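Here's the structure we're looking at; comments come further down.
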Amino acid sequence: QVQLVESGGGLVQPGGSLRLSCAASGRLFSINDMGWYRQAPGKQRELVAVISSGGSTNYADSVKGRFTISRDNAKNTVSLQMNSLKPEDTAVYYCKAELRAYAWRNPSDYWGQGTQVTVSS
């Protein structure tokens, strides 16, 4: 089975920084895109940042210049460095990976359990 486990959430003051990490484990033949999404109370889940297996990145306009996504293909991990955090960044952050568990299967999306990020003074 495939598991995505996130870590690194917490409470931070406005202007502060946090680093989220996500590790994929289990049956992993190959991993395509890995990314971070977030969902604030009463809002839909939205894309924060995504990174391809080749290292190409894409960010939501609201986080450009403040957040940086990176991955380690050898360790099957993806990280999100969040700087200059704002109260509106408060949300549950989810890791997602598009991956093949076996060579003969089409890629599927797998999600982590989510980690809370709260930005407040």
Side-chain angles (χ1 to χ4, degrees):
Q1 302 301 325
V2 175
Q3 277 192 316
L4 297 180
V5 178
E6 300 120 333
S7 60
L11 173 65
V12 65
Q13 291 187 341
S17 298
L18 279 176
R19 185 176 181 84
L20 305 182
S21 296
C22 172
S25 62
R27 289 282 188 182
L28 299 172
F29 175 75
S30 65
I31 305 178
N32 298 336
D33 292 351
M34 300 186 81
W36 290 93
Y37 291 71
R38 67 186 181 187
Q39 187 166 19
K43 295 188 176 182
Q44 290 189 331
R45 191 173 297 188
E46 63 176 2
L47 171 71
V48 177
V50 64
I51 184 167
S52 71
S53 57
S56 297
T57 59
N58 190 33
Y59 295 91
D61 287 342
S62 59
V63 308
K64 282 181 181 176
R66 300 188 297 123
F67 291 10
T68 302
I69 190 170
S70 60
R71 67 188 281 174
D72 185 331
N73 291 333
K75 296 181 179 180
N76 297 323
T77 59
V78 62
S79 298
L80 185 69
Q81 178 65 42
M82 305 186 292
N83 298 329
S84 303
L85 283 160
K86 305 175 181 179
E88 51 264 43
D89 294 318
T90 295
V92 178
Y93 283 69
Y94 297 90
C95 170
K96 190 186 89 168
E98 181 191 62
L99 62 88
R100 292 175 184 262
Y102 300 92
W104 57 87
R105 283 190 183 171
N106 291 329
S108 297
D109 289 338
Y110 290 82
W111 293 86
Q113 80 284 358
T115 185
Q116 177 70 45
V117 171
T118 302
V119 184
S120 175
S121 55

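Throughout, numbering of the chain's residues begins at 1 and tracks the sequence. Because the structure is predicted, anything quoted here is derived from the model rather than measured.
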Exercise. Side chain to side chain donor-acceptor pair (under 3.5 Å) with Tyr93: which of Gln116, Gln39, Arg38?
Worked result: Arg38
Tell me if a side-chain donor or acceptor on [X] pairs with a main-chain N or O of [Y] at a distance below 3.5 Å.
X	Y	value
Glu6	Gly114	yes
Asn73	Ser53	yes
Arg100	Asn32	no
Thr90	Val119	yes
Arg66	Ser84	yes

For this session: Please collect all ring-ring contact (aromatic ring centres under 6.0 Å, His included) contacts where either partner lies in residues 47-89, sequence neighbours excluded, each pair once.
Result: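 Found none.
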What distance separates [X] [atom1] from [Y] [atom2], expressed to the nearest 0.5 Å?
X	Y	atom1	atom2	answer
Leu4	Gln113	CG	CD	9.0 Å
Arg71	Ser52	CZ	OG	7.0 Å
Leu18	Met82	CG	CE	4.5 Å
Ser62	Asp89	OG	CG	7.0 Å
Asp109	Leu99	CG	CG	8.5 Å
Ser30	Arg105	OG	CZ	12.5 Å

Exercise. Which other residues end up in the same hydrophobic cluster as Tyr94, if Ile, Leu, Val, Met, Phe, Trp and Tyr are linked when side-chain heavy atoms come under 4.5 Å apart?
Worked result: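 Via sub-4.5 Å side-chain contacts, Tyr94 links to Tyr37, Leu47, Val50, Val92, Trp111.
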Exercise. Taking it one step at a time, do Thr77 and Ser21 satisfy side chain to side chain contact (heavy atoms under 4.5 Å, CB included)?
Worked result: CA-CA 7 Å; Thr77 59; Ser21 296; over 6 Å; no
Can you tell me if [X] has over 12 outside heavy atoms packed within less than 6.0 Å of its [atom1]?
X	atom1	result
Arg19	CZ	yes
Gln3	CD	no
Gln44	CD	no

Just wondering, do [Y] and [X] contact through their side chains at under 4.5 Å, heavy atoms?
X	Y	result
Gln81	Ser70	no
Ser25	Val5	no
Leu11	Ser120	yes

Exercise. Quick one: salt bridge (charged side-chain N to carboxylate O under 4.0 Å, His left out) partners of Lys64, sequence neighbours excluded?
Worked result: Asp61
